[in-house]
There are 2 protein chains.
Amino acid sequence: MFGYAEMDRERNALNMSVFEAEYEAAESTLAERTYIRLRDDIITTLLPPGTLLREAELMKRMEVGRTPVREALQRLQYDGFVVVSARRGTFVSKIDINDLTAVYEARARIESWATRLAAERLREFERQEARQLIDELKQTTGPMTLEDILALDRRVHRFIYKVAKNPFLFDTLDHYHNLSLRILYVAMKRFPTLVPRLEDVLHDQVLMLEAVCRGDADEAERVAMAHVMSFESEVRKVI
Amino acid sequence: MFGYAEMDRERNALNMSVFEAEYEAAESTLAERTYIRLRDDIITTLLPPGTLLREAELMKRMEVGRTPVREALQRLQYDGFVVVSARRGTFVSKIDINDLTAVYEARARIESWATRLAAERLREFERQEARQLIDELKQTTGPMTLEDILALDRRVHRFIYKVAKNPFLFDTLDHYHNLSLRILYVAMKRFPTLVPRLEDVLHDQVLMLEAVCRGDADEAERVAMAHVMSFESEVRKVI
DNA sequence: GTGGTTATATATTGCTGATATATTGAAGAT
DNA sequence: ATCTTCAATATATCAGCAATATATAACCAC
């Protein structure tokens with residue numbers, strides 16, 4: 001196990017681009033920032049499943065007091081990212097094949113429906129935004145880093161969640177997105193060759209956004225389902 | 001505004017049967033119990049939307065320290081039941097017509113799909129449990145109280161969530177169920193004549209459970225959708 | 001006096017570090 | 001093998017300070 005200084009350096013290299021949007025929008029409370037930092041470290045498996053999280057250690061590392069650390073850990077518990085075992089310790093939760101199945105099954109179904117809603121509810125100014133996103137996606141041809149791919153993936157999905165215009169659904173899908181993202185990271189860690197295949201997602205996303213732009217709800221739903229499921233089958237091969 | 005003693009009496013009369021299952025399963029930590037008590041008081045509009053919740057007051061009323069109160073309030077914030085405005089106060093969140101639309105739209109879609117899954121995944125021992133539930137539903141003929149109806153409704157839905165065998169989906173649906181339950185209570189408070197119509201739900205639920213028992217996924221999904229939407233249209237009339 | 005600005009007081013949550021207590025697991029004693 | 005003790009850890013709480021939003025009061029130019 002390497003020390004925290006290296007860890008922080010690695011995080012900066014890894015996540016900043018992926019979670020950029022949230023770092024900007026981060027609430028100013030220490031508890032909120034601590035939550036986001038810990039959550040992102042767990043998603044990217046910088047803190048792998050099973051890791052013991054000691055309050056005292058986190059206090060030192062994050063340079064905050066007990067309250068923000070405790071609040072962050074509790075929130076992670078509700079998210080399912082950590083398991084608090086009474087008077088034994090707090091651990092990063094394990095994930096298994098059942099989690100993979102359950103998370104992707106739910107996400108595929110709910111997200112494809114949300115994409116249908118997005119196609120039905122897109123407004124004119126959002127169509128402009130979509131076109132811009134499509135252009136960006138088409139321009140990125142060269143070799144892409146993992147972070148670039150995931151950052152783009154995140155932007156596209158959050159755009160669609162937003163256009164679906166259901167704030168409760170947005171929260172639900174954002175949560176499932178985080179859950180499946182961690183599963184993806186765990187799979188990639190075990191099987192590094194998984195990474196390059198992810199570039200195919202760009203093609204899916206262009207199809208998806210174009211269907212949304214056309215207002216073609218059926219096609220949008222179909223492509224979104226295929227997109228999420230393709231992640232699932234890629235991950236299933238190695239997990 | 002009446003005092004807390006009356007409030008507690010009213011809560012006992014109102015919610016105990018509705019939330020029975022959770023009171024039993026309640027974790028033994030003070031924070032957990034405080035959370036459940038507050039959440040249920042908010043759902044049943046004993047604490048109506050807009051109510052100011054002062055930490056100091058809750059400490060006295062619940063007879064616990066500041067830590068459990070704060071943890072409960074934070075969790076309620078993540079649930080969307082309260083809004084914490086830093087150094088201004090914590091308020092029970094408001095609900096409007098948009099919330100009604102969004103919550104029921106999402107719940108109808110997700111829950112009807114879960115009911116389909118339940119029909120596909122029902123095991124033999126669960127079929128027995130379903131039959132028992134159907135018998136109970138059919139026996140309850142006389143005039144039912146609100147609490148009885150909602151307690152039954154809750155049991156039926158949680159049974160279906162469980163049989164769908166996706167723990168993430170279970171949590172998602174349980175949350176949406178709580179959200180829609182509060183909307184229902186708010187509507188009933190404004191329009192007391194709404195209550196008796198709810199007895200119709202019993203019929204829906206029998207149809208739903210029977211379809212699940214037969215393994216008729218299409219019918220199960222269809223009936224579940226109609227069931228949730230019927231709540232929505234009843235509430236929409238008065239909100 | 002009126003209207004507007006500034007200073008002050010108050011209320012409330014955010015955060016810290018310390019204390020007390022309970023539970024668990026493991027090391028050591030019998 | 002069984003029991004005891006101890007270290008580690010979490011829960012729960014407290015007292016107090018910090019930060020800040022809001023309300024109130026004081027002030028001043030006109």
Side-chain angles (χ1 to χ4, degrees), chain A residues 1 3-4 22-23 25-39 41-42 47-94, chain B residues 1 4 22-39 41-42 47-94:
Chain A
M1 186 64 186
Y4 286 128
E22 271 146 303
Y23 278 117
E27 292 291 320
S28 54
T29 66
L30 282 181
E32 176 88 9
R33 284 197 293 262
T34 306
Y35 163 74
I36 290 175
R37 275 184 68 180
L38 274 176
R39 190 197 61 184
D41 286 352
I42 291 171
L47 296 170
T51 306
L52 172 62
L53 301 172
R54 286 190 198 80
E55 282 186 7
E57 252 178 51
L58 296 175
M59 284 166 67
K60 253 195 288 183
R61 179 186 162 203
M62 307 278 193
E63 294 177 304
V64 293
R66 175 173 303 262
T67 304
V69 168
R70 282 180 56 78
E71 286 177 5
L73 289 178
Q74 264 149 23
R75 196 164 162 191
L76 290 167
Q77 184 188 13
Y78 307 140
D79 287 348
F81 286 128
V82 308
V83 175
V84 178
S85 186
R87 284 153 216 103
R88 255 172 29 85
T90 300
F91 302 87
V92 177
S93 64
K94 297 265 177 82
Chain B
M1 188 61 189
Y4 287 128
E22 271 145 305
Y23 277 118
E24 284 169 20
E27 293 291 320
S28 55
T29 67
L30 281 181
E32 176 89 9
R33 284 197 293 263
T34 306
Y35 163 73
I36 291 175
R37 273 184 71 180
L38 275 176
R39 190 197 61 186
D41 285 353
I42 291 171
L47 296 170
T51 307
L52 172 61
L53 301 172
R54 286 189 198 82
E55 287 182 1
E57 249 178 53
L58 297 175
M59 282 167 68
K60 254 196 285 184
R61 181 185 161 202
M62 306 278 194
E63 294 179 301
V64 293
R66 205 176 157 197
T67 304
V69 168
R70 281 178 57 79
E71 286 177 6
L73 288 178
Q74 261 145 25
R75 196 163 161 191
L76 290 167
Q77 184 188 13
Y78 309 139
D79 287 346
F81 286 127
V82 308
V83 176
V84 178
S85 186
R87 279 149 223 115
R88 249 172 35 86
T90 300
F91 302 86
V92 177
S93 63
K94 297 264 176 81

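Here the structure is a predicted model, which is why all the values come from computation and not from measurement. Protein chains get the first letters and strands the later ones, always in sequence-line order, with residue 1 at the start of each.
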| query | Would B/Leu52 and B/Thr90 count as a side chain to side chain contact (heavy atoms under 4.5 Å, CB included) if you check the C-alpha gap in whole Å, the side-chain angles of each, and the deciding distance to 0.1 Å? | reply | CA-CA 6 Å; B/Leu52 172 61; B/Thr90 300; 5.7 Å; no

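- For the pair A/Gln74 CD and C/dG14 P, the computed distance is 14 Å after rounding to whole Å.
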| said: Run A/Asp79 and A/Tyr35 through side chain to side chain contact (heavy atoms under 4.5 Å, CB included) and show every step you take. | reply: CA-CA 11 Å; A/Asp79 287 348; A/Tyr35 163 74; 2.4 Å; yes

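- Side-chain atoms of B/Gln74 and A/Gln74 form no donor-acceptor pair, as typed in the model, at a separation below 3.5 Å.
- Nucleic acid contact class of B/Leu53 (heavy atoms, under 4.0 Å, all strands): sugar-phosphate only.
- Closest to the side chain of B/Met59, out of D/dT20, D/dA10, D/dC14, is D/dC14.
- As a whole-Å value, the separation of B/Lys60 NZ from C/dT12 P is 12 Å.
- Minimum atom distance to the side chain of A/Leu30 is reached by C/dC15, of the listed C/dC15, D/dT13, C/dT13.
- In this structure, B/Phe91 atom CZ and D/dA21 atom C1' are separated by 11 Å, rounded to whole Å.
- Contact check, B/Arg88 against D/dT22: a side-chain N or O comes under 4.0 Å of OP1 or OP2.
- Between B/Val82 and B/Phe91 there is no side-chain heavy-atom pair separated by less than 4.5 Å.
- A/Met62 has its CE atom 16 Å from the C1' atom of C/dC15, to the nearest Å.
- When distances run from any side-chain atom of A/Val84 to the nucleotides D/dA10, C/dG14, D/dT13, the shortest one goes to D/dA10.
- For the pair A/Glu57 CD and D/dA10 C1', the interatomic distance rounds to 15 Å; values are reported in whole Å.
- Rounded to whole Å, atom C1' of D/dA10 lies 14 Å from atom CG of A/Leu58.
- Heavy-atom distances to DNA chain D give each of B/Glu71 and B/Ala86 a nearest nucleotide, and the one nearer the 5′ end belongs to B/Glu71.
- Distance CG (B/Leu52) to P (C/dT12): 7 Å, rounded to an integer number of Å.
- Here A/Arg54 lies in heavy-atom contact (under 4.0 Å) with sugar-phosphate atoms only.
- Atom CG of A/Leu76 sits about 6.0 Å away from atom CG of A/Leu38, to the nearest 0.5 Å.
- The interatomic distance linking B/Arg87 (CZ) with C/dT13 (C1') rounds to 6 Å, in whole Å.
- The side chain of B/Arg70 contributes no N or O atom lying less than 4.0 Å from OP1 or OP2 of C/dT13.
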